[in-house]
Every structure is written in structure tokens, then in C-alpha cells.
Amino acid sequence: MAGGEKRRGISKSCALLIVIAGIERYAFKGVASNLVTYLTDVVKMSNSRAAKTVNTWSGFTFMLPLFSAPFADSCWDRFFTILASSSVYFVGLVGLTFTAYAGSRSTTKTISLLFLYTSLCLVALGLGVLNPSLQAFGADQLDHDLDHDHEPSSENKEVKSNRKSQFFQWWYFGVCTGSLLGVTVMAYIQDTFGWVLGFAIPTASMLLLIFLFLCGCGVYVYADPGFDLKAKQSKPFHKMLDTVKEKVWGTSKITLGNDHDLNAMELEMQEKPLCKCSNTEATTKTLHDEKSCKNGFSGLETVKLLLRLLPIWTMLLMFAVIFQQPATFFTKQGMSMKRNIGPYFKIPPATLQSTITLSIILLMPLYDKFLIPMAKKITKNEKGIPVMQRMGIGMFLSIIAIVIAALVERKRLKISKTTLEPLSILWLLPQYILLGISDIFTVVGMQEFFYSEVPVRMRTMGFALYTSVFGVGSFVSAALISIIESYTRSRDGKHNWFADDMSEARLDNYYWLLALTSATSFLLYIVICKNFKSRSDDDDDDDDDDDGQCDEKC
């Protein structure tokens with residue numbers, strides 16, 4: 001049975017949702033990857049303002065899941081949440097396409113900034129709600145696929161762990177494939193055929209996404225109708241509020257749960273059992289004691305669980321700041337470099353972002369088939385490289401990438417002040433490729449880390465914590481640009497590190513600053529990891545504990 005499970009792949013519903021996630025990435029990257037070029041060349045923004053606009057928009061997009069996740073976990077139905085948010089996403093893309101069309105038809109070639117920002121906000125709103133809900137809905141399919149593995153044997157646990165890792169890897173592969181097509185195809189179309197067609201194609205892709213999602217109604221796995229979503233025991237955020245009330249008013253009420261409540265608690269305790277008692281001791285435990293143990297986890301323990309993730313979440317922010325550079329200043333660098341291949345073709349600078357995605361697609365099989373098995377033999381760990389070490393490796397590689405970016409930019413500036421031929425855009429490839437490699441380690445690791453460190457009923461919140469790293473990182477990037485611009489501006493107000501004239505800009509200094517702050521975050525991350533205890537470690541400790549004693553917290 002176990003052997004058959006090991007050979008079995010992901011379900012049809014998981015596969016369909018992975019395709020849908022890829023289409024969503026195609027639409028998003030088709031807009032986001034070259035948006036800074038649209039804002040500078042068409043809307044006529046300055047380099048710094050365009051970069052801040054893109055960063056703020058990205059931050060808004062990735063921060064929204066942090067606010068929508070509590071409602072998605074506690075109140076909303078995931079299927080209809082995905083349907084509604086994708087529809088808002090589609091309306092935003094329609095508005096964005098209309099701004100490009102109106103600008104092309106206008107005699108003054110001006111674009112309404114209010115309408116442009118409104119369209120971008122609708123895209124951010126739809127995407128911010130769609131992304132965590134879609135991934136959590138995919139995880140629901142995965143749970144159903146594994147729900148028959150009830151035996152706590154080490155073999156079944158290994159099967160579950162392998163299937164979970166397989167799901168995340170295929171999910172990320174689908175996302176990367178969509179991103180690759182969005183960056184390469186759409187950047188070329190936008191630079192060659194114009195922005196109306198360049199925005200209309202992502203809009204049509206979102207319409208296709210909605211159609212495919214509705215076509216999958218017959219294969220999706222939905223929440224068990226007998227599982228009472230309105231029961232407070234199944235709502236982690238109600239539990240947190242109840243805990244706060246108890247602390248403020250000094251009261252605590254214990255009630256007997258109905259069958260649905262007990263089912264919800266049983267599901268939660270299967271995710272992370274806090275007590276491990278022998279059968280004899282379990283029979284002597286009163287219902288009051290069991291309820292006290294479970295209520296303790298459902299309230300105060302949930303708050304503590306989120307707070308304990310905050311230090312690691314904070315240390316990942318500089319990684320997210322570095323990952324904002326390819327869509328902003330890396331692209332502006334490329335526009336000032338030699339881009340010709342032959343007499344007729346010019347490389348669109350935004351297409352270099354595809355090397356990040358291409359690196360992931362090409363190297364992911366090597367990572368899965370060679371690096372992980374080799375690491376398993378060396379470390380004797382069933383996962384090969386533990387999740388937190390995996391994230392650390394990616395953070396270190398991102399620092400190397402931004403150091404290389406600083407060195408290349410310094411060389412570009414030196415040549416730009418001479419009569420020599422401009423530096424080739426291909427000099428930017430190493431920093432893009434290194435960011436792609438770091439992405440394999442850190443981003444996949446972040447998804448699995450936050451997925452595993454939250455209770456099962458807070459899964460959408462777990463994915464929201466992952467996306468919010470990039471949201472806050474985008475805001476941090478925009479804030480850094482504003483601060484640096486104000487401190488480095490010359491007396492005439494024209495020259496600063498982000499000057500529109502790329503021969504006067506000092507992006508190399510900006511990259512060195514990012515390298516320094518990222519190195520500091522990395523060192524603090526190492527210190528935090530040494531003192532961090534994972535929920536999975538707690539589970540392993542429980543499995544290895546043969547004393548049969550109940551945890552003191554209970």
C-alpha cells in the first residue's frame with residue numbers, strides 16, 4: 001500500500017489548479033515585468049518615481065493576503081473567493097488595457113493617472129485575495145489525497161512528506177513556466193507591437209483562467225459538509241479574540257462541544273498533538289482536562305505561534321528587497337546598454353528577467369534528482385536539506401548576486417564616460433541567474449516553512465505570511481529609494497543615485513548598500529535559526545517519546 005502511494009502522482013484537481021496558477025502568473029508577469037518601462041516611456045515618469053510606483057504597487061499586492069486571509073480562513077468559501085477575486089483581477093486588467101488604448105488614441109498622448117492607478121489597484125486587490133486562496137485550495141486537494149494515511153508510522157509520514165514536497169515543487173514549476181512565458185513573450189510584444197496588445201493578451205488570459213476554474217467544478221474536493229465552519233472551534237481567529245477577552249476580563253468559559261466541534265478539534269490535534277499520553281492515562285483523563293488542553297492551543301498557543309514566526313519573517317525582508325531590483329533598476333540598466341543581436345533584433349531589457357525563471361525550470365530537476373539525494377546521504381536527513389537551511393542558502397546567494405550587480409554597474413558607468421562602445425546587456429546575465437538559483441532554495445523553502453508552521457485551519461494565513469514578505473519588502477524598497485534620493489540629491493535637484501541620466505546615476509552605491517543590509521539580516525537569521533524550534537520538530541519529539549507522559553502545558 002505504501003509503495004503504491006509512493007508511485008502515485010498528484011491528483012487531477014491539483015494538476016488543474018497548478019495549470020491555473022501558471023496562467024495567473026503569465027497574466028501578472030505580462031504586466032509587472034515591463035511596467036517600469038511603460039511608466040517611464042509612455043506615462044513619462046522619472047526613474048525614481050516609476051520604481052517607487054512599481055514597488056508600492058507590488059507591496060500592496062503582496063500585503064493584501066495578510067488582511068484577506070483571516071476572512072478566507074474563517075468566513076469565506078474558498079471556491080467563491082477564488083471566483084470573485086479572479087473576476088476583480090480581470091476587471092482591473094480591462095481597465096489597464098483601456099488606459100493604453102485611450103493614450104494611443106489621444107492627440108496629446110496623455111494618460112489619466114487616476115484611472116491608471118485605479119486599474120492597478122483592482123489588479124492588486126484581485127491578485128492579493130486570489131493567490132493565497134488558490135494555493136490553500138490546492139492544499140485542500142492534497143489533504144484529501146492523503147487523508148487515508150492515518151497510521152503514524154515513519155513510512156507513512158515519509159510518504160506524506162514526499163507528496164507534500166512534490167506538490168509544492170510542481171506548483172512552483174507551473175508558476176515559473178507561466179512567469180517565463182509572461183516575461184519573454186509579453187515584453188517582446190509590448191516593445192514591438194505596442195502596449196494595447198501587450199495588456200490585452202494578459203486580460204484574455206485571465207478570462208481563460210476563470211473559464212478553466214469553472215470547468216473543474218466536478219473534480220475539486222470541497223470542505224466536508226458535515227464540518228461546521230461556523231463553529232468557533234474551527235475558526236482560529238475567533239479563538240484568538242476569545243483568548244484576548246479572557247485575558248482582559250479574567251473569565252474563561254468551558255462548554256461541551258457538539259460532534260462538529262469535536263471533529264474540528266480532532267483534525268487540529270492530528271495536525272499537531274500537544275499531548276501524548278498512554279492509553280491507560282487517556283482513559284483516566286476527564287473531559288474537562290481534555291477541553292482545557294485543546295482550548296489552550298486554540299487560543300493563546302495560536303497567538304504565540306504567529307509571534308514566534310515574526311523574527312524569521314523579518315529577516316527575509318531584505319531578500320524580498322533584492323528581488324524587486326530585476327523589475328525596476330536592473331531593467332533600467334539594460335536600457336542603457338548595448339542590446340543588439342545582429343542588425344535587426346534588439347533584446348527587450350525586461351526579457352532578461354526570464355533567465356531567473358529559466359534557471360529555476362532547468363535547475364529544479366537537478367536540485368530534486370541529484371542535490372537532494374546527495375544531501376540525504378551526507379546529512380542523514382529525510383528531506384536532504386532542512387527547510388530553514390534551504391532558505392539560508394538562498395539568502396546567501398542573493399547577496400552574491402547583488403554584489404555582482406554592483407561590480408557590473410561600476411564597470412558600465414566607467415565605460416559610459418568614455419568613447420568606447422557601451423557594455424553589452426549580456427553582462428547582466430550572471431546576477432539574474434544567481435537570483436534564479438537563490439529563488440529555488442529560498443522561495444520554495446518559504447512556502448513549505450509557513451505551510452508547516454501554522455495550524456491546519458490557518459493554512460491561508462500561512463500562505464499570506466509567505467506573500468507578505470514580498471509585500472513589505474516592496475514597501476521597504478520604495479522607502480529606501482525615497483530616503484536615498486533625498487539624501488543624495490544635488491543642489492540643482494537633478495542628480496542623485498537614481499538620476500534619469502544613467503551615466504550620472506550611482507546604482508552601484510545603492511547595490512552595495514543592499515548587499516551590506518542583506519548580509520546583516522543573514523547573520524541575524526543564522527542566530528535566530530539556532531534558537532528556533534519547528535512544529536515538525538515537536539511532532540518528531542512526540543513520536544520519539546516513549547514515556548507516555550502528558551505535556552506539562554496540558
Side-chain angles (χ1 to χ4, degrees), residues 32 35-40 43-64 66 113 117 120-121 124 310-336 395 398-410 412-413 431 435 438 467-525:
L35 184 60
V36 70
T37 304
Y38 179 70
L39 295 178
T40 53
V43 187
K44 303 302 180 183
M45 289 185 181
S46 65
N47 286 346
S48 59
R49 185 183 178 187
K52 286 186 285 186
T53 300
V54 173
N55 285 331
T56 304
W57 176 65
S58 298
F60 183 47
T61 301
F62 290 114
M63 276 297 293
L64 269 176
L66 205 57
L113 288 180
Y117 289 151
L120 289 174
C121 284
L310 185 60
I312 290 188
W313 181 91
T314 304
M315 293 305 105
L316 290 166
L317 289 179
M318 285 310 302
F319 175 83
V321 171
I322 289 177
F323 255 83
Q324 290 302 313
Q325 306 316 307
T328 52
F329 291 123
F330 283 10
T331 299
K332 294 304 296 183
Q333 273 182 273
M335 294 180 68
S336 63
M395 292 171 68
S398 70
I399 297 171
I400 302 300
I402 203 68
V403 168
I404 292 175
L407 295 173
V408 171
E409 174 63 9
R410 179 165 293 183
R412 185 196 70 80
L413 279 173
Q431 63 204 55
L435 283 180
S438 70
T467 58
S468 67
V469 170
F470 294 94
V472 177
S474 299
F475 287 128
V476 171
S477 180
L480 276 175
I481 293 172
S482 296
I483 294 171
I484 293 170
E485 187 177 29
S486 64
Y487 276 95
T488 60
R489 183 181 290 119
S490 61
R491 290 182 180 179
D492 59 8
K494 294 181 179 179
H495 301 297
N496 57 76
W497 284 8
F498 311 110
D500 292 340
D501 184 353
M502 292 300 292
S503 63
E504 300 291 338
R506 292 308 305 269
L507 292 181
D508 56 330
N509 290 340
Y510 176 60
Y511 294 155
W512 284 119
L513 179 63
L514 292 184
L516 178 61
T517 51
S518 297
T520 304
S521 294
F522 176 66
L523 293 176
L524 292 174
Y525 175 82

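Below, each value reflects all heavy atoms present in this structure, side chains not excepted, and no hydrogens, waters or symmetry copies. No experiment lies behind these values; they were computed from the predicted model shown.
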Derivation and outcome, side-chain contact (heavy atoms from CB on, under 4.5 Å), residues Met45 and Val36: CA-CA 9 Å; Met45 289 185 181; Val36 70; over 6 Å; no
Which atoms form the tightest heavy-atom contact between Phe330 and Leu435, and what is the distance? CE2-CD1, 3.9 Å
Do Leu513 and Asn509 have side-chain heavy atoms sitting under 4.5 Å apart? no
Answer yes or no: is there a donor N or O on one side and an acceptor on the other, between the side chain of Thr56 and the main chain of Thr53, under 3.5 Å? no
Within the structure provided, determine whether Met318 and Phe522 are in side-chain contact (heavy-atom separation under 4.5 Å). no
Steps toward side-chain contact (heavy atoms from CB on, under 4.5 Å) verdict (Val321, Thr517): CA-CA 10 Å; Val321 171; Thr517 51; over 6 Å; no
Atom OG of Ser474 and atom CZ of Phe60: how far apart are they, to the nearest 0.5 Å? 12.5 Å
Side chains of Lys332 and Thr40: does their closest heavy-atom pair fall under 4.5 Å? yes
Does any part of the side chain of Arg412, heavy atoms only, come nearer than 4.5 Å to the side chain of Leu507, both counted from C-beta? no
Enter the distance from Trp512:CH2 to Arg410:CZ here, rounded to the nearest 0.5 Å. 6.5 Å
Output for pair (Ser48 OG, Ile484 CD1), nearest 0.5 Å, gives 11.5 Å
4.5 Å side-chain heavy-atom contact, Gln431 and Glu409: no
Using only atom types and a distance under 3.5 Å, with no angle test, would you say the side chain of Thr331 pairs donor to acceptor with the backbone of Pro326? yes
Close side-chain approach of Leu39 and Lys52, heavy atoms under 4.5 Å: no
Contact summary for Ala499 and Asn47, nearest pair of heavy atoms: O-ND2, 3.5 Å
Here the pair of heavy atoms bringing Ser468 nearest to Met63 is O-SD, 3.9 Å
Looking only at non-hydrogen atoms, find the nearest pair between Gly473 and Ala320 and report the distance. CA-CB, 4.0 Å
Given side chains that start at C-beta, do those of Ser521 and Phe319 come closer than 4.5 Å, heavy atoms only? no
Apply the test side-chain contact (heavy atoms from CB on, under 4.5 Å) to residues Ile481 and Thr328: give CA-CA distance (whole Å), side-chain angles for both, the deciding distance (0.1 Å), then the verdict. CA-CA 11 Å; Ile481 293 172; Thr328 52; over 6 Å; no
Side-chain touch Tyr510/Thr488, heavy atoms, less than 4.5 angstrom: no
Which side-chain N or O atoms in residues 399-407 pair as donor and acceptor under 3.5 Å with protein atoms at least two apart or in another chain?
none

Sequence neighbours left out, what passes side chain to side chain donor-acceptor pair (under 3.5 Å) with Ser477? Give chain and number order. Asn55
Ser486 side chain to Ile483 main-chain N or O, any donor-acceptor pair under 3.5 Å? yes
If every non-hydrogen atom of Ala124 is compared with every non-hydrogen atom of Thr61, which pair is closest and at what distance? CB-OG1, 3.2 Å
The single option from Phe498, Trp497, Tyr511 that satisfies ring pair (Phe, Tyr, Trp, His ring centres under 6.0 Å) with Phe329 is Phe498
